[in-house]
Amino acid sequence: MWFRCRGSPTWAVAALMATAASPGCKRHDTTTGMTPSGSATATETANRAAAPPHEPALASSSARQPCPEGMALIDGRFCIDKWEASVVDDNGASHSPYEPLNGAKVAAVSRPGVVPQAYVSQYEAGEACERAGKYLCATQEWADACMGTGPAKRTYPWGWRAMPGACNDHRAKGHPLVELQPDSTARDFETLNDPRINQLPDTVARTGSFERCVTPDGVFDMVGNLLEWTRGQTRPLLMGGHYVDSVENGTGCMYVTPDHGEHYHDFTTGFRCCARPYSDPRVTSVSSALPAPPAGRAQATTPLNPAEARKAPRSFSNPFGYLPHPSPPAYETPDAPCPLDMVLVAGGRCGDNEQTCKTWLDGPGMPERACGEFEAPTRCVGKRTPMRFCIDKYEFTAPGEALPLTYVSWTEAQLVCGFMGKRLCYEREWEFACEGEEGLPYPYGYVRDGKRCNHDRDGLFVDGDKLVDQRVAADALPLCKSPFGVFNMVGNVDEWVQRAEAQAPHRSVLRGGWWLKGRNRCRAATDSHGESYAGPQTGFRCCRDAR
């Protein structure tokens, strides 16, 4: 497999979860055979044979152990499954781990040596845990199990240093959809739930087969293999990464994907359960102040009252709020080409830039995504086209606010731009405003600098169970400026643009990346989110024709 950065990317992978390839680089893979959809496999047969008769988790015949069989005690406070969950019906028969549940009534089981259940939503995971006498883990419980509860939190299940190959988190063949459908760029719900995906070689591993990917408490595969649903305070969160990637949205135990609702599922989504320890007076390690299991997922994942929330403005802490309705900005003079809050972009844009990375910043064995330095100058190998238009100087910030607006969908961004007599930028406009006529990889040059712009942030992105807001004010980074004087075009918040050649509902594209370490450069894009998607990182800026 090899990569060459040249022009805009032709594909991007699912919802904030990114790819194993360098964003904005062309990818070349070889394809292999696959198991036809719906056919029984040796793995599925083995899972079925290994499935024990289902018993409720709290009906153990022995009170000497603080946790049900297949679970580990964490800090004396709660039990967690040692292995990612598989599911069984009332007769103990396994459901295929390669098929969505589609309403099947199943219970979660924790056992080694089987293919765990993917294609499962958070709602279904919670139901399966409850049928097993357990509950779906809170995000903080999951993080405590992965990182430990002492003051020196681990970065990885085993400790603080990376061990390439320890977990199933970097598929050598890259993203399976590229292998399965090399001529397609579709990333819709149906495509992402294709049962054939996880039947390809070197995708989902059997539980516990990566022996070094284990915590000191004996909990396996908390990084890689499958994303794991947890209960955040305000929304469902997926933790730990999957077999393609465990670094795009955080490192190791700190990987979090916050962008999907409780009914979402695809080939990467799995889970494990938690439970209260047994109340046995002989077990002295169990805390006397045990947390109660959740009363219901709706209360845990959506504590905000939507009716009340809609009466307040849209914000990072209130994704249900109403949108601002800004007025059209004024022009400084009658003959000014752009309004006061916009800058003029004019010049010749190269349609195909060739950019070569000299130094990658990704760790050993990790996918090459973040380039530390590109060769200079950029080589234009395409045709130059004259362009002239206006673009917002800063990311859109609601009147009276200090930080750019997020939780905005593509459709909503287009609407707000329309209030001001503007429109969403076309991809080529946004790209040219970012890179200038020289075709800079980063708006500020050829050497990546996460301090100059708000990107390459590290650390845990949940505080308790809440995402940490790491946006900065529009004018906080005066050096994060493009050749045309446009600020914050990489990092801070992802920016919606429109793909000119696409038809609804495939016009929505995100550019520039946000504060996480990832595709924070001018020619990288994510086109896997629909026009109605809105997340904690999605913002925008507007364009309009120059006078």
Side-chain angles (χ1 to χ4, degrees), residues 7-8 24 329-333 335-355 374 376-380 382-397 404 413 417 420-450 452-455 472-500 509-514 519-525 539-547:
S8 299
Y331 286 82
E332 185 174 12
T333 62
D335 59 347
C338 300
L340 284 168
D341 60 347
M342 307 184 86
V343 298
L344 178 67
V345 175
R349 172 184 176 268
C350 179
D352 196 355
N353 281 336
E354 189 172 80
Q355 298 169 336
F374 282 91
T378 296
R379 180 169 172 255
C380 178
K383 180 181 178 181
R384 287 194 179 272
T385 304
M387 299 187 72
R388 187 175 183 272
F389 60 94
C390 303
I391 190 170
D392 284 349
K393 190 174 184 179
Y394 300 108
E395 295 156 323
F396 177 81
T397 301
C417 286
M420 298 181 287
K422 306 176 183 179
R423 53 172 168 77
L424 273 185
C425 302
Y426 290 106
E427 270 191 292
R428 61 181 178 271
E429 292 175 325
W430 190 98
E431 195 173 84
F432 187 44
C434 182
E435 68 184 13
E437 291 186 292
E438 189 178 341
L440 299 175
Y442 302 107
Y444 45 78
Y446 294 90
V447 180
R448 188 181 182 101
D449 187 352
R452 187 163 179 158
C453 293
N454 183 25
H455 59 81
V472 298
D475 57 355
L477 298 170
L479 298 180
C480 188
K481 183 170 64 172
S482 81
F484 292 107
V486 188
F487 290 82
N488 301 327
M489 297 204 76
V490 298
N492 210 29
V493 301
D494 244 344
E495 299 183 23
W496 286 118
V497 298
Q498 54 181 323
R499 181 159 287 173
V509 180
L510 287 163
R511 302 298 296 251
W514 45 314
R519 48 169 187 77
N520 314 102
R521 59 187 186 89
C522 294
R523 289 236 169 183
F540 66 100
R541 72 178 75 221
C542 308
C543 285
R544 65 165 296 156
D545 295 343
R547 296 199 305 191

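With sequence neighbours left out, Tyr444 forms a side-chain hydrogen bond (donor to acceptor under 3.5 Å, both in side chains) with His455. For Arg544, the side-chain hydrogen bond (donor to acceptor under 3.5 Å, both in side chains) partners two or more places apart in sequence, or in a different chain, are Tyr331. Not counting sequence neighbours, Arg384 has no partner by the side-chain hydrogen bond (donor to acceptor under 3.5 Å, both in side chains) test. Residues satisfying the salt bridge (Lys or Arg N to Asp or Glu O under 4.0 Å) test with Asp545, not counting sequence neighbours, are Arg423. In this view, Phe487 and Tyr394 satisfy the ring pair (Phe, Tyr, Trp, His ring centres under 6.0 Å) rule, not counting sequence neighbours. Not counting sequence neighbours, Tyr426 has no partner by the ring pair (Phe, Tyr, Trp, His ring centres under 6.0 Å) test. With sequence neighbours excluded, the residues that form a side-chain contact (heavy atoms from CB on, under 4.5 Å) with Glu435 are Asn353, Glu431, Cys522, Arg523. Applying the side-chain contact (heavy atoms from CB on, under 4.5 Å) rule to Pro329 yields the partners Pro339, Asp341, Met420, Lys422; only residues at least two apart in sequence or on another chain are considered. Not counting sequence neighbours, the partners of Ala376 by the side-chain contact (heavy atoms from CB on, under 4.5 Å) test are Tyr446. Listed by chain and number, the residues in a side-chain contact (heavy atoms from CB on, under 4.5 Å) with Leu479 are Arg452 (sequence neighbours excluded).
Under the 3.5 Å distance criterion, the side-chain polar atoms of Glu354 are left unmatched by any main-chain donor or acceptor of Arg379. Counting only distance, with no hydrogens or angles, the side chain of Arg511 and the backbone of Ala524 share a donor-acceptor pair below 3.5 Å. In this structure, the side chain of Gln355 engages the main chain of Gly439 through a donor-acceptor pair within 3.5 Å. Although no hydrogens or angles enter the test, the distance criterion places no donor-acceptor pair under 3.5 Å between the side chain of Asp494 and the main chain of Gly539. Looking only at distances, a side-chain donor or acceptor of Arg547 sits under 3.5 Å from a matching main-chain atom of Ala336. Without hydrogens or angle criteria, Asn520 side chain to Gly513 main chain gives no donor-acceptor distance under 3.5 Å.
Applying the side chain to side chain donor-acceptor pair (under 3.5 Å) test to residues at least two apart or on different chains, none of the pairs has a partner in residues 472-488.
Closest approach of Val343 and Gly485 over heavy atoms only: CG1-O, 4.2 Å. Nearest heavy-atom pair, Ala346 versus Phe484, reported as atom, atom and distance to 0.1 Å: O-CE2, 3.5 Å.
Relative ring orientation between Phe432 and Phe389 is described as tilted, the plane-to-plane angle lying within the 30° to 60° band.
Considering CH2 of Trp430 and CG of Leu510, their distance stands at 10.0 Å, rounded to 0.5 Å. With values rounded to the nearest 0.5 angstrom, Met387 atom CE is found 11.5 Å from Glu437 atom CD.
Looking at Thr385 and Arg428, their side chains never come closer than 4.5 Å, going by heavy atoms from C-beta outward.
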**OP:** Begin from the C-alpha positions of Asp392 and Glu495 and carry the test side chain to side chain contact (heavy atoms under 4.5 Å, CB included) through to its verdict.
**Re:** CA-CA 12 Å; Asp392 284 349; Glu495 299 183 23; over 6 Å; no

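Between Cys453 and Cys480, the gamma sulfurs sit within a distance below 2.5 angstrom. Less than 2.5 Å separates the SG atom of Cys390 from that of Cys338.
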